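Written out below as structure tokens is the structure these notes cover.
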Amino acid sequence: MMTPRYAHLMSANCSAVLELSDHEAPLWRYWGPRLPDDALPGFGLRAMRATPTFSLEDDFPLSLFPTFGVGWFGTSALLAHREGRDFAQAFTACDVIWRTPGQALTVRLTDRVTDLMVEIDLALDAGSDVLTLSTRLTNTGLDVLDVQWLAGAVLPLPARSARVRHYGGRHNSEFLLQEEPLARGIWRQENRRGLTSHDAFPGAVVVPLGCDAHAGLAYGAQLAWSGNHTQVIEWLEDGRFQWQLGEWLAPGEVRLARGECLETPQVLATCSMAGLNGVAAGFHKAVRARMTWPRDAMSPRPVGLNTWEGVYFDLDPAVLMQMADAAAKAGIERFVLDDGWFQGRRSDRAGLGDWWTDPDVFPEGLAPLARHVNDLGMAFGLWIEPEMVNPDSDLFRSHPDWALQIAGRPLLTARNQLVLDLTRPEVTAYLLDRLGALLDALPVSCLKWDHNRALTTAGSRGHAAYRRQTLAAYDLMDQIRSRWPDVEIEACAGGGGRIDAGILQHTHRVWTSDCIDAVSRVAIQRGFLQFFPPEIMGAHVGASPAHSTGRSQSLDFRAAVALPGHFGVELDLRHLTTGEAADLTGWIELYRSLRDRLHQGQVWLGEAGDSILWQAHGHKDDLLVLVYRMAPMTWKWPPTLILPMVDPDQTYRVEEVGPRPLSGGAPAPVFADYRSGSLEIHGAWLARQGLPLPPGKAETCLIYQISRVDPGV
Ligand code: DGJ
């Protein structure tokens, strides 16, 4: 029996093992918890697979790039043809090029019959345990190749994979957890809205039975792409599953001439024995490492005031200056002027495209407001939606051909707007010119970059343009960033319609949802935190009742829910009572004192029971724990807060933090000790039996700092 050749990629906690041959794509042997270097078996995969009845004599197990038509019956990593020919590909030559031994390699596959080359890049990051994969397909043949599907990654999942946890929703309800069993068959998700979408996040987590938030083997993957996507999890006949993620392509969207190539977006994938929180930890590290910041480092995330829900389109420079005064007084650090400031924009029916200040509203332009904001010590931010045009705009009246369109089809509006064709150089030149004039004239520190509709009739000169449009949007952002490197960008798409690891390579935070109802937000933010770190999660204190739901919550609860994210305020501060203004100022101070700790390290999400949800931020020796009681108590005494991550051999001090005691009058003696910070508790007790929690009302939050007491300190 021949000993197989392997490629073993290793990180601190994970291994990925491919079985290599010169004559086929590498076979997936393993992806899971870290294996010792010498653990690889001396037998090949086929040595353990007898030929079943009624089967091909040749065995085609799951490879890194399984393809249709020549022995593989599962979902193909490639669907392509040349005028109907070359429909079945088989990559029969394979080279493996190590870029970093043990960590990063490129697999080059060639099919000499269909004249195609595929290069797959894999890298397993030692620190985050995240595997990054992407695929490049080159047409080396004479004739044009029509590509229908090219997987960015093909991942193996173990046979005991039981459930897929995926996230979807709608405007105002993003990242809602959907959980479905995996069975013999296919689980498939497709998004054809032309941007990431509110309803189908391009990623998921797969777990076997018994995996929970803190323990058990869990797998996660997400596509770093802001356009259409497909993900498929398919049961295979050896009991494993394959997971493919990639870009959904419209018919004719990718046609490769000789020598041309198609490169997929990257897929980020990770696995952890520490359950759902372990997967989140890997993703947070990887996303942080991919982001780029002005001056190369993230500054402490400034408290923002966004004008949208405070005044909507009703902009008046004098009122805005008063809002800025109140904001500065409350400790706010960035003032963002939202929609409504530009030519003709009195409602959402007109103006998009005409990116100059409306003189009817701002007779002296925006400079006096920006100066006023700066003089108060705050940074100035501005809302834009450059990819869009209203039919009622000067831009559209002069260039109706600049909208994405299909000849003979009606232009379908959404929120009264159309999408500009960014693949046309004259369109991006116009946008750069207009936005450049604003950025040159005003001290803009941050752009809130919105995108308020899905793409339809997304044709450009007769061809589908979804993919090119997404790339052009990235490019426009990059051009702006390279010319104005100190400007940060917030990605928004009617709230969270464009949140993905792709857009985050071009932006610095996202507007998580237009829903700032704190109860709804808890669920939305928990979904978000499965994939992304908290410091980029725009989270605001809104008015009560919440504009999106009509529900009311206390200021304390609204602030406590926003606290762990990139905190901001979105209401008209002038209408707060003196008491409310003082309370909000207290929360802003608290955020400013805690943000460095909230925004580094790990996030753990947990459930204590009886409607108590909690999240801990930081390191196992120094945690900030937010405990949210979502509904009225139904138990006589509350559950304890079990914190499985703490060190069972150490002692911890517990201290309640907050702008003032939030535990409602310390109803039993121990809780007074939390407030004074005098309670010490053994880590083993915390991890196994848990911290007692005081009784509380629905929609309240407690915040604890739980830090290790060093012996002798
Ligand atoms: C949708 C965004 O999500 C809101 O925050 C706001 O910016 C509006 N667009 C403005 O039109």
Side-chain angles (χ1 to χ4, degrees), residues 169-175 193 195-199 226 304-315 320 323 334-355 357-358 361 380-390 392-393 413-420 435 444 446-455 473 488-500 503 507-518 520-521 524-525 528 536-543 546-549 558 562 565-572:
R170 49 158 290 184
H171 176 232
N172 281 329
S173 266
E174 299 84 345
F175 281 104
R193 291 182 187 267
L195 81 166
T196 320
S197 86
H198 297 90
D199 45 309
S226 314
L305 176 91
N306 182 288
T307 58
W308 180 240
E309 288 205 357
V311 286
Y312 291 104
F313 287 109
D314 192 9
L315 301 187
L320 292 168
M323 285 174 83
R334 182 192 267 173
F335 180 96
V336 180
L337 178 61
D338 209 281
D339 199 353
W341 57 268
F342 48 95
Q343 180 63 42
R345 187 68 167 173
R346 301 284 65 76
S347 72
D348 66 11
R349 288 187 295 280
L352 289 171
D354 297 347
W355 297 112
T357 312
D358 191 329
V361 185
F380 181 69
L382 196 60
W383 180 95
I384 53 172
E385 197 180 359
E387 292 146 274
M388 300 294 156
V389 64
N390 284 117
D392 185 359
S393 65
T413 51
R415 209 192 188 210
N416 311 300
Q417 63 199 52
L418 300 167
V419 185
L420 284 173
L435 299 178
V444 174
C446 134
L447 289 169
K448 178 176 173 187
W449 188 304
D450 214 337
H451 184 300
N452 282 302
R453 61 158 297 171
L455 271 55
E488 289 188 6
I489 299 180
E490 170 176 24
C492 174
R498 187 155 63 175
I499 299 179
D500 58 81
I503 202 79
T507 58
H508 304 95
R509 82 165 218 164
V510 296
W511 180 226
T512 319
S513 176
D514 274 350
C515 178
I516 16 186
D517 173 309
S520 305
R521 263 296 178 121
I524 294 169
Q525 294 182 178
F528 175 94
I536 57 157
M537 178 178 78
H540 293 176
V541 181
H547 296 190
S548 51
T549 63
R558 285 176 276 146
H566 181 176
F567 185 87
V569 176
E570 190 165 337
L571 46 77
D572 190 344

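The first residue in the sequence is number 1, and the count goes up from there. Counting starts at 1 for both ligands and their atoms, following the listed order. For the numbers below, each heavy atom of this structure counts, side chains included, while hydrogens, waters and symmetry mates do not. Remember, predicted model here, so these are calculated numbers, not experimental data.
Aromatic ring orientation, Phe380 versus Phe335: parallel (interplanar angle below 30°, classes split at 30° and 60°).
Listed by chain and number, the residues in a ring-ring contact (aromatic ring centres under 6.0 Å, His included) with Trp449 amount to none (sequence neighbours excluded). Under the rule for a ring-ring contact (aromatic ring centres under 6.0 Å, His included), the partners of His508 that lie at least two apart in sequence or sit in another chain are Trp293. Partners of Tyr312 by ring-ring contact (aromatic ring centres under 6.0 Å, His included), not counting sequence neighbours, listed by chain and number: Trp308, His547.
With a 4.5 Å cut-off on side-chain heavy atoms, Asn452 and Gln417 count as touching. In this structure the side chain of Phe175 reaches within 4.5 angstrom of the side chain of Ile499, judged on heavy atoms.
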May I have every N or O pair linking ligand 1 to the protein at under 3.5 Å, one per line with atom names and distance?
residue, atom, partner, partner atom, Å
ligand 1, 3 (O), Gly495, N, 2.8
ligand 1, 3 (O), Asp514, OD1, 2.4
ligand 1, 3 (O), Asp514, OD2, 3.0
ligand 1, 5 (O), Lys448, NZ, 2.7
ligand 1, 5 (O), Trp511, NE1, 3.4
ligand 1, 5 (O), Asp514, OD1, 3.2
ligand 1, 7 (O), Asp338, OD1, 2.7
ligand 1, 7 (O), Asp338, OD2, 3.2
ligand 1, 7 (O), Trp383, NE1, 3.1
ligand 1, 7 (O), Lys448, NZ, 3.0
ligand 1, 7 (O), Asp450, OD2, 3.3
ligand 1, 9 (N), Asp450, OD2, 2.7
ligand 1, 9 (N), Asn452, ND2, 3.4
ligand 1, 11 (O), Asp339, OD2, 2.6
ligand 1, 11 (O), Arg415, NH1, 2.8
ligand 1, 11 (O), Arg415, NH2, 2.9

